[in-house]
Enquirer: 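Starting off with a structure, shown below.
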Amino acid sequence: MKTHLQNLIAQALQPLQREGLLPSAERPVIPLERTRDRTHGDFASTIALALAKTARRKPRELAERIVAALPVSDQVVKVEIAGPGFINFFLTPAAYQAVVGEILERRERFGRSGLGSGQRVQVEFVSANPTGPLHVGHGRGAAFGATVANLLEAIGYQVHREYYVNDAGRQMNILAASLWLRYLEHCGEKFRFPSNGYRGEYVRDIAVQLYIEHGGAYVVSARQIFRDLPQDEIRDGNGDVVTPGDKEAHIDALVERARVLLGEPRYRYLFELGLNTILDDIRDDLQQFGVVYDEWYSERALAESGAVNKTLNRLRDAGYVYEQDGAQWFRSSAFGDEKDRVVERENGQMTYFASDIAYHLEKFERGFDWVIDIWGADHHGYVPRVKAALQALGENPDRLDVLLVQFAILYRHGERAPMSTRSGEFVTLRELRQEVGNDAARFFYVMRKSEQHLDFDLDLAKSQSKDNPVYYIQYAHARVSSVLKQLREKGLPRDEARGQAHLALLSEPHEEALLVALSRYPEIVEIAALDHEPHQLAHYLRELANAFHTYYNEHRVLVDDDALRDARLNLSLATRQVISNGLALLGVSAPEVM
RNA sequence: GCGCCCGUAGCUCAGUUGGAUAGAGUGUUGGCCUCCGAAGCCAAAGGUCGUGGGUUCGAGUCCCGCCGGGCGCGCCA
């Protein structure tokens with residue numbers, strides 16, 4: 001519809017271009033938008049306002065010329081010029097009613113398009129370190145990323161969903177050491193747990209499991225382990241330093257001690273046990289949340305393939321790596337970053353950044369036309385250095401889009417629910433899902449713009465009333481199903497073709513409003529996908545549900561008149577279809593009964 | 001201190017490449033079920049769009065200053 005009108009305007013511009021009033025060289029994009037007020041028609045174009053300057057004519061005058069040159073269309077009933085030079089289009093009822101047929105014919109494919117023309121786009125999201133269960137912050141990234149991926153797929157991109165598994169870094173070693181220490185505690189050893197260790201209860205659970213399966217096979221005396229280690233930094237309950245020390249050096253030395261005392265095979269086993277147990281849990285959690293990946297990409301595999309070294313050598317050969325204070329630095333400041341960054345520490349360990357460079361280069365080498373990373377907003381400072389590295393490697397950094405997701409803050413009974421990662425008392429995604437359900441969680445997470453802080457109202461998410469937008473939308477869907485059930489129970493006939501033949505009967509204002517809402521769906525999907533803004537779809541679905549509830553409240557569907565009843569049934573079923581399609585993109589179920 | 005994000009109704013938030021009279025939900029007040037699901041609908045009230053300038057036919061939207069909030073500024077991830 002929109003492109004149809006744009007074509008009409010484009011045709012109208014041609015004679016003006018021929019007579020030199022407008023430059024004919026380039027074809028301007030035709031601005032056309034939905035009106036906010038129906039007294040201004042259905043669509044409005046500001047083309048006359050935009051071209052007035054170059055044409056050196058008054059906008060209204062130009063608008064008149066354009067309107068005079070518009071070809072006739074059987075879908076347009078009236079064209080008006082208004083205000084400073086808006087061109088308002090009024091569509092015929094038939095033009096709107098046609099959307100019902102389109103929806104009933106295309107079904108779950110309605111709203112999909114080929115706009116992306118099969119271009120390959122990679123969406124990497126969540127990618128939380130497998131050092132503990134996912135918490136509610138990760139949940140937002142999961143819901144957001146999954147929906148962005150769904151949206152892009154819907155408009156014709158070939159989407160590759162990927163989770164980058166940080167299974168090689170220092171944090172994994174710290175997890176292994178933490179696991180070992182909890183195991184030793186379980187075996188009766190006494191010592192102070194390192195301040196930088198993982199304190200979560202889940203570590204204890206794995207440790208207990210280890211003991212059940214292997215008894216005392218991993219026991220080493222605490223005295224032997226902690227002998228001559230760098231002093232840990234010790235704080236009291238208030239967070240004040242009691243004993244100063246270097247907690248990083250302490251934990252690194254502890255890891256090293258574990259390797260030596262246990263020997264590589266036993267250390268390896270601990271490492272794998274921690275990693276696999278937690279990663280399995282994350283996989284399971286996400287899968288239950290309706291988030292599925294095409295690939296779980298291992299950082300360790302990347303490192304073992306030599307890709308990290310190879311990439312650093314390329315940077316070095318290009319002259320962008322130098323040594324200072326015993327460490328290797330990447331000259332990211334040459335590409336707009338605030339300062340240079342360490343890629344290899346003084347102790348010879350690669351930084352995460354080094355792996356990330358290799359990983360992103362590898363993404364590009366895999367041939368994706370477009371790469372999207374979804375990160376927590378606290379990582380925003382990281383964006384310039386990754387782009388700098390890509391540029392230094394001769395890649396176009398614009399092929400990478402980094403989308404930042406702000407934190408979600410949980411509220412219960414109007415109070416902020418506490419979340420502390422350090423103490424291990426955080427609310428996990430799994431707990432959230434169990435409390436409010438997957439549907440509410442998926443919807444609430446994407447209800448707000450991603451760069452906006454999200455206040456997640458747990459009580460609202462659980463409530464079964466119109467206050468809860470999820471139930472409100474699902475209820476509209478269920479209502480239509482309920483009407484169909486009524487139809488069968490009353491033994492009334494239904495004839496879809498007869499309904500299609502009498503769509504003209506859908507002339508009530510509420511019906512027109514519903515038809516308009518339905519016709520907007522493909523536009524919403526497109527804009528939500530291209531702008532990576534799932535909240536637009538969420539808001540739209542609420543509006544659509546509202547249009548239906550309003551209509552439903554005012555008019556009966558199951559009337560005696562066969563033609564009218566069938567037309568209204570078609571309209572209702574089309575509404576149900578669009579709600580179902582939209583909810584599917586959001587990963588929310590569309591129940592027949594509630 | 002520097003960088004990024006945010007500031008719109010009491011509260012939570014939309015606001016389509018800059019467009020016409022700034023919109024929803026919630027809360028408050030008052031209505032609507034002999035009728036397909038009231039898990040719903042309707043109405044009223046509620047605003048110097050943080051603030052001061054600038055750009056132009058036109059600014060919530062773009063630019064600059066200031067105020068307020070969040071995040072980031074490590075050989076941590």
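Letters A, B, ... mirror the listed sequences (proteins, then strands); counts begin at 1. Nothing here was measured: the structure is a model prediction, and the numbers come from that model.
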Enquirer: Locate the shortest heavy-atom distance separating A:Ala354 from A:Val343; write the atom from each residue and the value.
Expert: CB-O, 3.4 Å
Enquirer: Starting at CD of A:Gln406 and ending at C1' of B:rG72, how long is that distance when rounded to a whole Å?
Expert: 11 Å
Enquirer: Identify the stems formed by RNA chain B, where each pair is Watson-Crick or G-U wobble with both distances under 3.5 angstrom and a stem is at least 3 consecutive pairs.
Expert: B:1-7 with B:67-73, B:10-13 with B:23-26, B:28-32 with B:40-44, B:50-54 with B:62-66
Enquirer: Using only side-chain N and O atoms of A:Tyr472, determine if any of them is under 4.0 Å from OP1 or OP2 of B:rC41.
Expert: yes
Enquirer: Whole Å only: how far is the CG atom of A:Leu564 from the P atom of B:rC36?
Expert: 17 Å
Enquirer: Under the criterion of centre distance below 5.5 Å and interplanar angle below 30°, is A:Tyr552 classified as stacked on the base of B:rC41?
Expert: no
Enquirer: For A:Lys2 and B:rU16, give me the distance from atom NZ to atom P, rounded to whole Å.
Expert: 13 Å
Enquirer: Return all side-chain donor-acceptor pairs below 3.5 angstrom for residues 483-493 of chain A, not counting sequence neighbours, or 'none' if the list is empty.
Expert:
none

Enquirer: Test of understanding: with side-chain hydrogen bond (donor to acceptor under 3.5 Å, both in side chains), list the residues that count as partners of A:Gln349, not counting sequence neighbours.
Expert: A:Arg345
Enquirer: Using whole Å, report how far OH of A:Tyr540 lies from P of B:rG15.
Expert: 17 Å
Enquirer: Is the base of B:rG19 stacked against the aromatic ring of A:Phe86, taking ring centres under 5.5 Å apart and planes under 30° as the test?
Expert: no
Enquirer: Do A:Lys2 and A:Glu33 meet the salt-bridge criterion of a basic N to acidic O distance under 4.0 Å?
Expert: no
Enquirer: Show me the protein contacts with nucleotides 21-26 of chain B, counting only N or O atoms at under 3.5 Å.
Expert:
unit_1	atom_1	unit_2	atom_2	d
B:rU26	OP1	A:Lys466	NZ	3.2

Enquirer: Pull out every protein N or O sitting under 3.5 Å from an N or O of nucleotides 6-10 of chain B, one pair per line with the distance.
Expert:
none

Enquirer: Rounded to whole angstroms, how far apart are CG on A:Asp531 and C1' on B:rG15?
Expert: 13 Å
Enquirer: Could you name each residue pair satisfying salt bridge (Lys or Arg N to Asp or Glu O under 4.0 Å) that touches residues 320-338 of chain A, not counting sequence neighbours?
Expert: A:Asp337-A:Arg341
Enquirer: Would you indicate, yes or no, if B:rC73 has its OP1 or OP2 atom less than 4.0 angstrom from a side-chain nitrogen or oxygen of A:His380?
Expert: no
Enquirer: Step by step, work out the side chain to side chain donor-acceptor pair (under 3.5 Å) result for A:Glu496 and A:Asn570.
Expert: CA-CA 7 Å; A:Glu496 186 177 313; A:Asn570 286 0; 5.5 Å; no
Enquirer: Heavy-atom nearest nucleotide on RNA chain B for A:Val342 versus A:Thr35: which residue maps closer to 5'?
Expert: A:Thr35
Enquirer: Taking ring pair (Phe, Tyr, Trp, His ring centres under 6.0 Å) as the definition, give me every residue that meets it alongside A:His549, ordered by chain and number, with sequence neighbours left out.
Expert: A:Tyr472, A:Tyr475
Enquirer: Regarding A:Lys247 and A:Asp232, does a basic nitrogen lie under 4.0 Å from an acidic carboxylate oxygen?
Expert: no
Enquirer: With a 4.0 Å cut-off on heavy atoms, is A:Lys339 in touch with a base, just the backbone sugar-phosphate, or nothing at all?
Expert: sugar-phosphate
Enquirer: Quick one: which residue pairs count as a salt bridge (Lys or Arg N to Asp or Glu O under 4.0 Å) with a foot in residues 537-560 of chain A, not counting sequence neighbours?
Expert: A:Arg520-A:Glu543
Enquirer: Just call it for A:Asp325: base, sugar-phosphate, or nothing, with non-hydrogen atoms closer than 4.0 Å on any strand.
Expert: base
Enquirer: Expressed in angstrom and rounded to an integer, what is the separation of A:Gln536 atom CD from B:rC13 atom C1'?
Expert: 13 Å
Enquirer: Scan residues 442-464 of chain A for pairs that pass salt bridge (Lys or Arg N to Asp or Glu O under 4.0 Å), counting only residues two or more places apart or in two chains.
Expert: A:Glu435-A:Lys462
Enquirer: Please find the pair of heavy atoms, one from A:Asp42 and one from A:Leu91, that lie closest to each other, and give the distance.
Expert: OD2-N, 2.7 Å
Enquirer: Less than 4.0 angstrom between a side-chain N/O of A:Arg60 and OP1 or OP2 of B:rC57, yes or no?
Expert: no
Enquirer: Please list, chain by chain and in numerical order, all residues satisfying side-chain hydrogen bond (donor to acceptor under 3.5 Å, both in side chains) with A:Arg36, sequence neighbours excluded.
Expert: none
Enquirer: What is the nucleic acid contact for A:Val593, judged by heavy atoms within less than 4.0 Å: base, sugar-phosphate only, or nothing?
Expert: base
Enquirer: Rounded off to whole Å, could you give me the CZ-to-P distance for the A:Arg170 and B:rG74 pair?
Expert: 16 Å
Enquirer: Which ones in residues 553-563 of chain A lie close to RNA chain B, meaning a heavy atom under 4.0 Å from one of its atoms?
Expert: A:Asn553, A:His555, A:Arg556, A:Val557, A:Leu558
Enquirer: With a 3.5 Å distance limit and no angle check, can you tell me whether A:Tyr540 reaches the backbone of A:Ala517 through a side-chain donor-acceptor pair?
Expert: yes
Enquirer: Excluding sequence neighbours, so at least two apart, what forms side-chain hydrogen bond (donor to acceptor under 3.5 Å, both in side chains) with A:Arg565?
Expert: A:Asp562
Enquirer: Quick one: is A:Thr550 getting a side-chain N or O under 4.0 Å of the B:rC42 phosphate, OP1 or OP2?
Expert: yes
Enquirer: Starting at atom CD of A:Gln349, determine the distance to atom C1' of B:rG74, rounded to an integer number of angstrom.
Expert: 15 Å
Enquirer: Checking contacts here: which listed nucleotide (B:rA14, B:rC13, B:rC36) is nearest the side-chain heavy atoms of A:Asp455?
Expert: B:rC13
